Amino acid sequence: MSTKATRAPNRPPVLIRAGDGAHRNGPWSGSVSAEALGTDSFVLFARFDEVGSGPVLHVHPYDEIFVVKSGRAIFTVGDETFEAGEGDVAMAPANTPHKFKNLGPGPLYTMDIHLNGEWIQTDLHDPDAG
């Protein structure tokens, strides 16, 4: 494994504190923009309180990484379906339809890392939705 740094040497580190304006309702909600981070990626903090709640089936023209902070989720990424729990990391490749739902019990918190400087999302018809 390479230990070569990928960050430009003249680029300063960034710290965005939980109390900063990026977080609407506490430390695990809201988002941090690519501009604030000085990168080509942004971070979305999502909370789904109700069992069965989650984003609709959608697609992005870039990869998206999901970190489950707490709770349990059922992910659908392309033709694959899998469960993920606290500490698990999942990835949806670019242009691959995906969604996830809170399996409960309790709320689901995720950190969704969009590997793009802006949020581009196309919602899709979900044949599983009622």
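Everything quoted here is computed from the prediction, not taken from an experiment. For this chain, numbers begin at 1 and follow the sequence in order.
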Can you find a pair of side-chain heavy atoms, one from Ile65 and one from His114, that are under 4.5 Å apart? no
For residues Ser53 and Asp49, report the shortest heavy-atom separation together with the two atoms involved. OG-N, 4.1 Å
Listed by chain and number, what are the side chain to side chain contact (heavy atoms under 4.5 Å, CB included) partners of Val51, not counting sequence neighbours? none
State the CG-CD distance between Leu108 and Glu50, to the nearest 0.5 angstrom. 12.5 Å
Can Val89 be reached from Val43 by stepping across I, L, V, M, F, W or Y side chains whose heavy atoms are under 4.5 Å apart? yes
Using 0.5 Å steps for rounding, measure from the CG atom of Leu44 to the CG atom of Asp112. 5.0 Å
Minimum heavy-atom separation for Gly117 to Ala34, with atom names? O-CB, 3.5 Å
Can we say Glu83 and Arg72 salt-bridge, meaning some charged N sits less than 4.0 Å from an Asp/Glu carboxylate O? yes
Find the distance between CD1 (Ile113) and CG (Leu115) and round it off to the nearest 0.5 Å. 7.5 Å
Taken in chain and number order and not counting sequence neighbours, the residues that satisfy side chain to side chain contact (heavy atoms under 4.5 Å, CB included) with Asp40 are none
What is the minimum heavy-atom distance between Pro55 and Lys101, and which atoms define it? O-NZ, 3.1 Å
Listed partners of Phe66 passing ring-ring contact (aromatic ring centres under 6.0 Å, His included), at least two apart: Phe75, His98, Phe100
Is the shortest heavy-atom distance from the side chain of Trp119 to the side chain of Ser31 under 4.5 Å? no
Between the side chain of Asn102 and the main-chain N/O of Gly106, is any donor-acceptor distance below 3.5 Å? yes
Which pair of heavy atoms, one from Ala90 and one from Phe82, lies closest together, and at what distance? CB-CE1, 3.8 Å
Evaluate the side-chain contact (heavy atoms from CB on, under 4.5 Å) criterion for residues Val59 and Thr96: first the C-alpha distance (whole Å), next the side-chain angles of each, then the deciding distance (0.1 Å), finally the verdict. CA-CA 6 Å; Val59 67; Thr96 303; 5.6 Å; no
What is the ring orientation for His60 with His58, classed by angle as parallel under 30°, tilted 30 to 60°, or perpendicular over 60°? perpendicular
Cluster overlap Val67 with Val32, hydrophobic side-chain contacts below 4.5 Å: yes
Measure up the Tyr62 and Phe42 rings against each other and bin them: parallel (under 30°), tilted (30 to 60°), perpendicular (over 60°). perpendicular
hydrophobic_cluster_shared for Val56 and Leu103, side chain cutoff 4.5 Å: no
Distance from Thr76 atom OG1 to Lys99 atom NZ, nearest 0.5 Å? 5.0 Å
For Leu124 and Pro97 the tightest heavy-atom approach is CD1-CB, 3.7 Å
Pair Asp123-Gln121, side-chain donor/acceptor within less than 3.5 Å: yes
Distance from Asp88 atom CG to Thr110 atom OG1, nearest 0.5 Å? 12.5 Å
